[in-house]
Number of protein chains: 2
Amino acid sequence: MADIKSPSAADLAGEELVRQGIELLFFAYRDFTAEPDRILDEYGFGRAHHRVVHFVGRYPHMTVGELLEILRITKQSLNRVLGQLVRQGFIIQHRGLQDRRQRLLELTERGHQLERLLSAPQRARVGAAFKKAGAPAVEGFRKVLLGIIESEEDRRRFEHPPPTRR
Amino acid sequence: MADIKSPSAADLAGEELVRQGIELLFFAYRDFTAEPDRILDEYGFGRAHHRVVHFVGRYPHMTVGELLEILRITKQSLNRVLGQLVRQGFIIQHRGLQDRRQRLLELTERGHQLERLLSAPQRARVGAAFKKAGAPAVEGFRKVLLGIIESEEDRRRFEHPPPTRR
DNA sequence: ATTTTATGTCAGCCATATTGACTTATATTG
DNA sequence: CAATATAAGTCAATATGGCTGACATAAAAT
């Protein structure tokens, strides 16, 4: 009965569903980054600055090395961006207490303001999408995205209702 | 009882959930693009080439203008990438029948091979995440991402089980 | 016949990434 | 303690992929 060469109807549906998932990620990411990108432009900053401000804001006292691991860029690339943010007073660095080679990163008040400004449209967009989709859908969204993330270490960031800050 | 100035517990949970959603998108997108990026390197191509190959593969006979709208880049940027793909035999262009100004785009067999090669790790990754998360979670993932996408026109691409090709 | 649209092209600029080599300060280890 | 390894910073050169602006061509629409 079944054609041994061609994919089953279920496989075709699965394949199509997966391809739609891939495309959904592209469109969602495109629109999710568009608004902050416009704001960044006004500061002469790029998306890289946003990423740094986001992660330093969320994980205060992060080291340069940890940031490099998360962003998966070279330290030369990071340093240009990070240096600008430090020189312009968005981020302060202080030496690690146990390991004085480390530079622990932290947002200044100005940095927090920028973070809130940049994340505002994203929070609005994602918040509205969550509200509209409903809690079970949000749970599904989280499950699938966690499944897409490669490293266990990165996934662990989402296990516990993360650090409340401010 | 309730402090009129500070956010409610529900708002805090919502805010934290949304911030996690934002971060999940970053990590998932980072890992979702990492593998094709490595393959593209071997061809001397970049992520832009992948996007073109993806959309031309998925929506054959797409015009240059439609591609520009989807990718939200300038025609000068597109043309460099598209020109390389055409010159190297991954894409063919033919004039529109009704409107002869249009250049309808299509993958060659070589283009289809490249598309499959590039999308293979993404299909594997997203497919595995879908399977592990289960059908209801996938439905939630779709709902939320659709809610994040700005334009009705883009969302409509996901209404009907899209064009089966090949 | 004129204007608008779809596409392509030239030139130059900028942001972000890369590799490789090297430095400094501090920690770790034999 | 001396040697080595690690965290971070820096210099230089290069590539990619965006951008703007100006202009060209062909075909469609008015």
Side-chain angles (χ1 to χ4, degrees), chain A residues 26 29-30 33-34 36-54 56 61-88 91-106 118, chain B residues 26 29-30 33-34 36-56 61-88 91-106:
Chain A
F26 166 78
Y29 201 80
R30 181 199 67 182
T33 50
D37 283 355
R38 278 192 290 272
I39 300 170
L40 287 158
D41 255 9
E42 296 166 19
Y43 285 77
F45 289 159
R47 204 175 285 177
H49 299 81
H50 187 183
R51 292 194 287 249
V52 169
V53 164
H54 169 88
V56 173
H61 309 301
M62 169 169 272
T63 67
V64 172
E66 285 164 351
L67 200 45
L68 287 174
E69 259 205 24
I70 287 177
L71 301 180
R72 305 260 210 266
I73 58 176
T74 59
K75 75 183 161 183
Q76 294 91 326
S77 294
L78 174 59
N79 238 315
R80 181 178 29 97
V81 167
L82 183 57
Q84 288 175 308
L85 290 168
V86 169
R87 282 191 300 276
Q88 296 180 37
I91 287 180
I92 44 166
Q93 297 175 303
H94 42 93
R95 285 172 177 267
L97 295 178
Q98 336 90 304
D99 187 338
R100 290 172 43 79
R101 291 171 304 180
Q102 295 179 335
R103 299 290 185 277
L104 307 184
L105 305 172
E106 208 173 351
L118 291 172
Chain B
F26 166 78
Y29 201 79
R30 181 199 67 182
T33 50
D37 282 357
R38 277 192 289 273
I39 299 170
L40 287 157
D41 255 9
E42 296 166 17
Y43 285 77
F45 289 160
R47 206 175 284 177
H49 298 82
H50 188 183
R51 293 194 286 250
V52 170
V53 164
H54 169 88
F55 282 106
V56 172
H61 309 300
M62 167 168 274
T63 68
V64 172
E66 285 164 350
L67 200 44
L68 286 174
E69 260 206 24
I70 287 178
L71 300 181
R72 303 258 210 270
I73 58 176
T74 59
K75 75 181 159 181
Q76 294 91 325
S77 294
L78 175 60
N79 239 316
R80 185 165 16 123
V81 168
L82 183 56
Q84 288 176 307
L85 290 169
V86 169
R87 282 193 301 276
Q88 295 180 36
I91 288 181
I92 45 167
Q93 296 175 303
H94 43 93
R95 286 173 176 268
L97 295 179
Q98 334 91 306
D99 187 338
R100 288 174 41 80
R101 290 171 303 181
Q102 295 178 334
R103 300 289 186 279
L104 307 184
L105 305 173
E106 208 174 350

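Just so it is clear, the model here is predicted, and its values are computed rather than measured. A note on names: the letters A, B, ... follow the listed sequences, proteins ahead of strands, and every chain is numbered from 1.
Contact annotation for B:E66: no contact, since no heavy-atom pair falls under 4.0 Å across all strands. Within 4.0 Å of B:R47, counting heavy atoms only, lie sugar-phosphate atoms of the nucleic acid but no base atom. Counting any heavy atom pair closer than 4.0 Å across all strands shown, A:N79 reaches a base atom. A:Q84 comes within 4.0 angstrom of nothing in the nucleic acid, heavy atoms only.
The CG-P distance, from B:L71 to D:dG18, rounds to 8 Å in whole Å. When the P atom of C:dA15 is taken as reference, atom CZ of A:R80 falls 8 Å away, rounded to whole Å. The CG-P distance, from A:L78 to D:dC11, rounds to 16 Å in whole Å. Put simply, CZ on A:R38 is 16 Å from C1' on D:dG18, counting in whole angstrom units. The CD atom of B:Q102 sits 11 Å away from the P atom of C:dG8 (whole-angstrom rounding). The distance between atom CZ of A:R100 and atom C1' of C:dT24, rounded to the nearest whole Å, is 13 Å. Residue B:L105 contributes atom CG, which lies 8 Å from atom P of C:dT7 at whole-angstrom precision. Atom CG in B:D99 sits roughly 10 Å away from atom C1' in D:dA29 (whole-Å rounding).
For B:R72 and D:dG18, a side-chain-to-base donor-acceptor distance below 3.5 Å is absent, hydrogens and geometry of angles not being considered. You'll find a donor-acceptor pair under 3.5 Å spanning the side chain of B:R101 and the base of C:dT5, going by distance alone. Counting distance only, with no hydrogens placed and no angle test, the side-chain atoms of B:Q76 and the base atoms of D:dG21 include a donor-acceptor pair under 3.5 Å. Not a single donor-acceptor contact under 3.5 angstrom links the side-chain atoms of B:R103 to the base of C:dG8.
No donor-acceptor distance shorter than 3.5 angstrom exists from the side chain of A:R100 to the backbone of A:R95, with no hydrogens or angles considered.
Side-chain contact check for A:L71 versus B:F26: some heavy-atom pair is nearer than 4.5 Å. Put simply, the side chain of B:H54 does not reach to within 4.5 Å of the side chain of B:R51, judged on heavy atoms. Contact annotation: the side chain of B:E106 never approaches that of B:L104 to less than 4.5 Å [non-hydrogen atoms, C-beta and beyond].
Between B:H94 and B:H61, the ring-plane angle classifies as perpendicular under the 30° and 60° cut-offs.
Side-chain N/O atoms of A:H49 include none lying less than 4.0 angstrom from OP1 or OP2 on C:dA15. Proximity of A:S77 to the phosphate of C:dT18: a side-chain N or O atom is located under 4.0 Å from OP1 or OP2.
Distance check: B:L82 CG to B:L67 CG gives 7.0 Å after rounding to the nearest 0.5 Å.
The side chain of B:T74 sits closest to D:dT20 out of D:dT20, C:dT18, C:dG8. Looking at the side chain of B:K75, the nearest of the listed nucleotides D:dA8, C:dT16, C:dT9 is C:dT9.
For the pair A:F45 and A:Q98, nearest-nucleotide mapping onto DNA chain C gives the more 5' position to A:F45.
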